[in-house]
Amino acid sequence: MSKTNTESSPLVLSLLGKAAEYVKERWHVLVVFLVSFAVATVAVYVDTSTMDTVASYTVEDYEVGQVADRTIFATKSMPADEVFPVAIEEGEKVIRKGFPITEEEYLKLRKMAASPAYIDYRAFSNSVLFLMLVAAFWFLLFSPALLGRQVELKEVVLEAVLFVIVFVAATFAGKSPLFQTVYRLPVAIPSALCVFMVAILFGQASALYFSLLLAMGVLAAAHFQLVPALFTLASCLCAARIVRTIERRIDLVFASIMLAVLNVVFMTMFKVIFNDSFSDAVFVLTGIAFNGFLSGILVLGLLTPLESLLNTASVFRLMDLSDLNTPVMRRMLLTAGGTYNHSMLVASLAENACKAIGANALLARVGAYYHDIGKMDQPEYFVENQGGGGNKHDDINPSLSASIIRSHVKRGVEKAHQLRLPRRIVDIIGEHHGNSVMAYFYNEAKQKDPNVSPESFAYMGNPPTSVESAVVMIADTVEAACRTLDKPSVPRLDKFIQTLIQAKIDHHQLDNCPLTFGDLTKIRESFVQILAGYYHSRIEYPNQKDPGGEEKSLSEAGTNAPASAVEKTDEVKQ
């Protein structure tokens, strides 16, 4: 065996192993793809079998007396009939390249194109190959590297269904006399409606990538004519951008009006650019305007059941969850008031930080509201709820204390599932402590037993996997730790927060999220701005005394503390 073959074998085996692992983990996604591809292929087959094409060219491309630029063979024998009184033999040269087309040959071409028994397999193969290319693009665009997260099965299912709807609509609408021209066809394609739903339910990135896929699908369905695909791409990209900043359901009405206007502008531009007649402008422009307006109105009706069925973190669902009068938030206020106030400040910090770095600020705010709901079952074991009284952890051993503190994450995830909170909110609850070590209790236990394992005092969660989850983790740590600072001036806050963030980096808590060092700088600056206003100094009035005396609740070494001391402060507050 040659050296090259020997070296390539491990590479091939490695690739096969990765492919097998992917199939094992994501087989359900592949099943969805296969089903949707099969449906689209059936639509292509039906479309091809009813088209007047021969060798992927329409009969209108030929005329009697024209010199043929290609040779076309008959793929099957056909007897003469009343409509076409000519017979065709299998393998016969119907027309020959370089020779004029006779009336009999032209009649044979028409007979082949009109016969339901004749399938233009070249045109069919072209469309199927293009659909395979679209599928490959889907895997590329929706990979974690480009999307920034692992795509969920429910998103795959919804997008596959919507793609098939658009593809089938574009395929068969063109057979109707009302939509046969390339400028009339977009009137019957519900592409903007589909992108509206994807953008609201799954976010901007998914909607933008899905817009590209829909445009490619329409290109194939419209027999590779450019205008319907370009219009679909322009309309879908605008639909994805328009809904980016909406916060209320009524905003969809204004989004619909805006999209209707933009559709008219796009179609007018295409008619001018491609030098098309405006004889059908009334029908075309009115139709696409109605298409755009109706897309937004239909979303209002379809969104509520889809939100409930898919349980997604859409902007409207998050706005509903941000209502502080919900039963769970009112219960937190009454049973764990300190945790409630802590969550409010964490939410403010996380929201402003996400705005600074361009992340989903609403998701971070709602995630911060709910990140500590697991503390409601045993609020007295968390210092913010003790009201200055005795600390219950003074009377129990560190291992039990760590177990109680650790359990609030698990309880929070369980409550989130009971409340049917969206997956992204559940992830924030489960990841807001990552797998960090509770340094305070670990150090206490180590004084009694030097051989104690740090893993026994670690949280059982995973480090944050999204930007919003990481921001909530940092905000949670910063809010709790900064309470210990004496005279928290802006320089001291800035230095202390920098130390806290560096500790998270050193302990590998930010390894799995796409935060950059530039993002961390903006986050720190945002935190300093908020906390500087929160801890602003007040005028000390005459004869005003500090009822706490000379003692401080925690060490003043926080401003210069090493990472271990910072984590100790953090865990005491938590």
Are more than 12 heavy atoms, taken from residues, nucleotides or ligands other than Met344, located less than 6.0 Å from that residue's CE atom? yes
Tell me yes or no: between the side chains of Asp372 and His432, is some donor less than 3.5 Å from an acceptor? yes
Less than 4.5 Å apart, side chain to side chain, heavy atoms only: is that true for Phe224 and Phe130? yes
Worked check of ring-ring contact (aromatic ring centres under 6.0 Å, His included) between His408 and Phe382: CA-CA 10 Å; His408 87 272; Phe382 299 91; 5.5 Å; yes
As an exercise, state the distance from SG of Cys194 to CG of Leu162, rounded to the nearest 0.5 Å. 4.0 Å
Side-chain heavy atoms of Pro190 within contact of Asn291, under 4.5 Å: no
With a 3.5 Å cut-off and no angle check, do the side chains of Asn311 and Arg317 form a donor-acceptor pair? yes
Going by heavy atoms in the side chains, are Asp427 and Asn462 under 4.5 Å from each other? no
So if I apply the side chain to side chain contact (heavy atoms under 4.5 Å, CB included) rule between Val264 and each of Val261, Thr268, Leu262, which one comes out positive? Thr268
Mind checking the CD-OG spacing from Gln150 to Ser143? Nearest 0.5 Å is all I need. 9.5 Å
Can you find a pair of side-chain heavy atoms, one from Val471 and one from Glu468, that are under 4.5 Å apart? no
Side-chain heavy atoms of Leu141 within contact of Leu147, under 4.5 Å: no
Met473 and Glu431: side chain to side chain contact (heavy atoms under 4.5 Å, CB included), yes or no, with the steps? CA-CA 8 Å; Met473 166 189 272; Glu431 296 172 353; over 6 Å; no
Check for a donor-acceptor pair, side chain of Arg420 on one end and backbone N or O of Ser308 on the other, with a separation under 3.5 Å. yes
Give a yes or no on whether Lys271 atom NZ has more than 12 heavy-atom contacts from other residues, nucleotides or ligands under 6.0 Å away. yes
Tell me whether the count of non-hydrogen atoms from other residues, nucleotides or ligands lying under 6.0 Å of CZ in Arg244 goes above 12. no
Point-to-point distance, once rounded to the nearest 0.5 Å, from CG of Asn352 to CD1 of Ile523: 12.0 Å
Can a salt bridge be assigned to the pair Asp251 and Arg248 using a cut-off of 4.0 Å between side-chain N and carboxylate O? yes
Minimum side-chain heavy-atom gap Ile428-Leu363 below 4.5 Å: yes
Min side-chain heavy-atom separation Phe202-Leu158 under 4.5 Å: yes
Distance, nearest 0.5 Å, that separates CD of Gln509 from OG1 of Thr477: 9.0 Å
Going by the angle between their ring planes, with limits at 30° and 60°, are Phe274 and Phe270 parallel, tilted or perpendicular? tilted
Classify the angle between the aromatic ring planes of Phe179 and Phe283 as parallel (below 30°), tilted (30 to 60°) or perpendicular (above 60°). tilted
Asn263 and Ser235: side-chain donor and acceptor closer than 3.5 Å? yes
How about CZ on Phe290, more than 12 heavy atoms from neighbouring residues, nucleotides or ligands closer than 6.0 Å, or not? no
Can you find a side-chain donor-acceptor pair between Asn385 and Thr339 that sits under 3.5 Å? yes
Would you confirm whether Ser176, through its side chain, and Phe172, through its main-chain N or O, come within 3.5 Å as a donor-acceptor pair? no
Does a sphere of radius 6.0 Å around CD in Gln378 hold more than 12 heavy atoms from other residues, nucleotides or ligands, not counting ones at 6.0 Å or beyond? yes
Less than 3.5 Å apart, any donor N or O on the side chain of His342 or Asp476 sitting next to an acceptor on the other? yes
Quick one: does any side-chain atom of Ser348 pair with a main-chain N or O of Leu345 as donor and acceptor, under 3.5 Å? no
Kindly indicate, with the supporting measurements, whether the criterion side chain to side chain contact (heavy atoms under 4.5 Å, CB included) is fulfilled by Ile474 and Leu500. CA-CA 8 Å; Ile474 300 172; Leu500 294 169; over 6 Å; no
Would a 4.5 Å heavy-atom cut-off, applied to side chains only, mark Phe163 and Ser36 as touching? no
Thr326 and Asp323: side-chain donor and acceptor closer than 3.5 Å? no
Can a donor-acceptor pair be found between the side chains of Asn435 and His507 at a distance below 3.5 Å? no
Test item: side-chain donor near acceptor, Thr312 and Glu307, under 3.5 Å: no
Would you give the length of the straight line joining atom CD1 of Ile246 to atom CZ of Phe196, rounded to the nearest 0.5 angstrom? 7.5 Å
Side-chain (Ser526) to main-chain (Lys522) donor-acceptor, under 3.5 angstrom: no
Taking the six-membered ring for Trp and the single ring otherwise, decide whether the centroids of Trp138 and Phe33 are under 6.0 Å apart. yes
Report the C-alpha distance between Leu140 and Tyr209 in whole Å, list the side-chain angles of each, state the deciding distance to 0.1 Å, and finish with yes or no for side chain to side chain contact (heavy atoms under 4.5 Å, CB included). CA-CA 10 Å; Leu140 174 65; Tyr209 294 152; over 6 Å; no
Using the side chain to side chain contact (heavy atoms under 4.5 Å, CB included) rule, take Thr41 and Phe124 through it: C-alpha gap first, then chi angles, then the decisive distance, then the call. CA-CA 9 Å; Thr41 302; Phe124 173 73; 3.8 Å; yes
